[in-house]
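Written out below as structure tokens is the structure these notes cover.
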Amino acid sequence: MTELKKPAREMANYKDIVCRLESLATGSGTAAEKDLGELLGHMRGLERDYRALSLMHEQTERLRDMQDAAVDMAHFYNRLLLKNVSSVIFMLDKELRLVLGSSLTVALLGHKNIREIVGMPFADLFSGIMPSEWVDSMIGRCQGILDGGEDNSTEDTVVLKGGDTVIYRVAISAAQAKGVSKGIVIVMDDVTQLVRAKEEAEQASKAKSSFLANMSHEIRTPIGVVIGMVNIAKSSEDIDRKNYCLEKIETASRHLLGVINDILDISKIEAGRLELSPTEFSFEDMLKKIVTVMRFRISERGQHFVQTIDPSVPSRFFADDQRLAQVVINLLSNAVKFTPEGGTVRLEIRLQAKEGDDCTLYFAVADTGIGMTEEQRSRLFSPFEQADNSISRKYGGTGLGLAISKRIVEMMDGNMEVDSVPGEGSTFRFTVRAKSVDGDEEQQDAGASILGVGDTDGIFVGRRILLAEDIDINREIVAALLERTQAEIVNAENGEDALRLFSAAPDTYDLILMDVQMPGMDGLEATRRIRALDVPAARSVPIIAMTAHVFREDIEKCLDAGMNNHVSKPLEFAELVGKMRQYLCPSEDTVG
């Protein structure tokens with residue numbers, strides 16, 4: 001570029017060119033022609049220089065326009081960033097006056113436009129919404145950084161002048177340009193929800209840890225009782241002592257089964273898989289079973305039991321009676337557990353409302369026990385928590401029963417609440433909705449009959465049962481349970497054996513007890529294969545599933561595979577024999 005400018009400076013003398021042109025106008029000959037040629041050469045050089053300079057000027061203007069556009073774009077993106085950033089961001093100059101800020105900063109300070117507050121002191125802006133202690137602290141921190149201190153970040157809990165408590169994560173840093181301090185940049189993030197979610201998660205984790213420790217105790221204690229009583233019974237020759245041990249083993253086993261059922265129920269609730277199974281039932285029969293279960297516990301503790309039943313309550317309903325009974329038994333069990341000897345437990349049931357067949361039933365369980373504080377009641381229906389951890393250590397329990405009960409009540413279109421006074425007792429109240437049903441009050445499901453051991457002597461004599469079960473001890477248990485019935489049992493160790501034995505003599509079996517989960521061919525596939533056989537007996541033989549799966553969809557899979565009914569493991573004598581009687585003694589009156 002310098003080489004282009006040099007000839008321009010040497011030859012662009014205007015007066016010299018004019019004089020030489022005038023002399024050419026009066027001269028002639030070869031000298032004039034020579035001067036004219038030289039001047040034309042100079043003119044062409046000047047033209048080239050002019051074009052180069054013109055091009056340079058255009059490029060310079062273009063660069064200047066591009067720089068201006070870049071600056072405008074940067075300002076645009078800065079404004080866009082400050083408008084949409086999800087933080088309170090602002091800059092202060094060295095006198096701690098506002099230079100710029102984000103839209104959230106403007107909104108927090110109660111203004112509409114940043115231009116309204118630019119240049120105002122930090123103290124004047126924030127003293128109207130923040131506590132004075134926080135404003136003074138921030139000024140001190142900012143001044144410390146301006147004086148050469150390090151950037152800092154803190155988590156501040158502040159109570160706004162409006163009364164709300166907010167947690168801000170505040171980061172303060174120096175604003176510098178080429179090593180020169182220009183002011184302070186402050187970033188404030190509202191982390192209130194995040195911190196509270198973290199605290200809730202930590203509290204839930206702590207509750208679950210406590211729950212697991214409690215659950216370990218609840219599971220290991222009855223197992224310890226079972227093992228201990230087995231050892232005592234094995235070492236004793238006294239039949240009464242052996243019977244005592246068996247009674248304790250049965251009590252501990254039922255407690256352990258209750259713990260496992262609670263765990264399964266709360267697992268289904270958390271997975272959204274808890275479902276109701278409504279059926280027609282006698283309300284009076286349900287209450288009799290509840291009272292039968294509870295009277296022994298109440299009398300054992302020397303307590304008084306009072307029940308008040310509204311005579312207007314219909315006799316039969318269509319609802320899930322097992323889940324309803326579960327709620328009532330759970331509340332009564334808690335009342336008995338937390339009421340001292342000589343105390344009173346009350347059960348009240350009444351018809352609260354009735355529109356056509358739709359009934360609203362009201363239940364209340366009251367006790368004169370230890371009661372609860374307001375803080376204890378606030379955690380009462382939370383899964384994995386009890387009113388007080390010391391209570392679980394003193395009285396036992398999983399801490400799941402009330403959470404399960406509340407969920408069942410809600411699924412039955414009701415609600416549950418509690419009133420309690422420490423040292424005076426508690427009253428749990430809940431409502432459920434159910435449809436009343438007109439029908440024979442004496443009707444009862446044969447499968448639900450209450451059977452005594454003596455009622456079953458020889459009832460299946462001459463009947464042949466195919467038992468498909470892969471575990472030896474389970475086959476032994478079924479054989480022992482059915483021994484009094486005098487049924488003939490043929491064992492199959494898996495689905496293939498069951499299919500082979502039935503195919504060889506289909507007309508000789510009166511009923512099949514089919515375990516569901518077996519290696520190789522499971523009970524579902526074995527049932528489908530049996531039903532597919534081209535013999536009449538394959539379609540008519542009753543098949544009862546024996547399953548430890550308690551989810552409703554698992555039971556439906558059994559029915560879809562062609563099974564007629566199911567019994568749950570561990571097997572209960574009354575349930576097993578009651579279900580079998582439906583198919584082996586259909587004409588028998590099974591009312592217990």
Side-chain angles (χ1 to χ4, degrees), residues 222 226 243 246-258 260-261 264 277 279-297 320-326 328-330 332-333 442-461 463 465 467 469 473-489 510-516 542-550 555 558 563-592:
V226 170
N243 288 335
L246 289 174
E247 290 176 0
K248 293 299 181 182
I249 290 172
E250 181 182 16
T251 301
S253 299
R254 292 188 181 279
H255 174 75
L256 181 59
L257 183 60
I260 294 172
N261 285 336
L264 291 172
S277 299
T279 185
E280 184 178 337
F281 68 96
S282 166
F283 192 74
E284 182 180 356
D285 288 344
M286 183 195 73
L287 286 180
K288 285 180 180 178
K289 293 176 185 178
I290 292 173
V291 173
T292 299
V293 170
M294 295 308 306
R295 278 199 184 279
F296 174 75
R297 301 182 193 178
D320 192 331
D321 60 320
Q322 292 185 349
R323 290 297 186 184
L324 181 57
Q326 179 182 353
V328 178
I329 289 175
N330 182 58
L332 287 172
S333 296
E442 298 300 321
Q443 181 182 355
Q444 186 180 22
D445 181 5
S449 300
I450 301 175
L451 299 170
V453 174
D455 299 330
T456 63
D457 290 345
I459 61 171
F460 298 150
V461 63
R463 299 291 191 172
I465 312 299
L467 171 62
E469 168 63 64
I473 188 64
N474 287 347
R475 292 197 297 271
E476 185 177 341
I477 289 173
V478 174
L481 288 175
L482 298 179
E483 183 177 4
R484 287 179 173 270
T485 69
Q486 297 184 26
E488 178 189 355
I489 298 177
D510 298 291
L511 185 140
I512 300 175
L513 294 175
M514 183 76 75
D515 183 29
V516 173
I543 302 178
I544 298 178
M546 298 186 300
T547 175
H549 297 289
V550 295
I555 296 172
C558 296
M563 298 182 180
N564 301 86
N565 215 319
H566 75 280
V567 290
S568 58
K569 291 183 177 180
L571 297 175
E572 290 280 357
F573 173 81
E575 182 186 20
L576 175 61
V577 176
K579 293 289 178 68
M580 293 175 66
R581 288 176 72 179
Q582 294 183 54
Y583 305 101
L584 300 180
C585 311
S587 61
E588 185 178 304
D589 182 10
T590 58
V591 177

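The model shown is predicted, which means the values in this text are computed figures rather than measured ones.
Defined by atom type and a distance below 3.5 Å, a donor-acceptor pair is missing between the side-chain atoms of Y583 and D510.
Residues I465 and M580 meet the side-chain proximity criterion, which asks for heavy atoms closer than 4.5 Å. When side chains are defined from C-beta on, L467 counts as touching M546, because their heavy atoms get closer than 4.5 Å.
Take F460 and apply the ring-ring contact (aromatic ring centres under 6.0 Å, His included) test, not counting sequence neighbours, and it matches no residue. Applying the salt bridge (Lys or Arg N to Asp or Glu O under 4.0 Å) test to E250 and every residue at least two apart in sequence or in another chain returns R254. R323 pairs by the side-chain hydrogen bond (donor to acceptor under 3.5 Å, both in side chains) definition with D265, Q326, not counting sequence neighbours. With sequence neighbours excluded, the residues that form a side-chain hydrogen bond (donor to acceptor under 3.5 Å, both in side chains) with N330 are S405. For the side chain to side chain contact (heavy atoms under 4.5 Å, CB included) test, residues two or more places apart in sequence or in another chain that qualify with A479 are I489. Residues meeting the side chain to side chain contact (heavy atoms under 4.5 Å, CB included) test with T279, sequence neighbours left out: D321. Listed by chain and residue number, L256, L264 satisfy the side chain to side chain contact (heavy atoms under 4.5 Å, CB included) test with I260 (two or more places apart in sequence, or in another chain). When the side-chain hydrogen bond (donor to acceptor under 3.5 Å, both in side chains) test is applied to T485, no partner is found at least two apart in sequence or on another chain. Applying the salt bridge (Lys or Arg N to Asp or Glu O under 4.0 Å) rule to D320 yields no partners; only residues at least two apart in sequence or on another chain are considered. Partners of E488 under the side-chain hydrogen bond (donor to acceptor under 3.5 Å, both in side chains) rule, at least two apart in sequence or in another chain, are R464. Residues satisfying the salt bridge (Lys or Arg N to Asp or Glu O under 4.0 Å) criterion with E247, sequence neighbours excluded, are absent altogether.
Residue R475 comes nearest to E469 through the heavy atom pair NH1-O, 2.6 Å, listed as atom of the first residue, atom of the second, then distance. Between A252 and P222, the shortest heavy-atom distance links the atoms O-CB, 3.3 Å.
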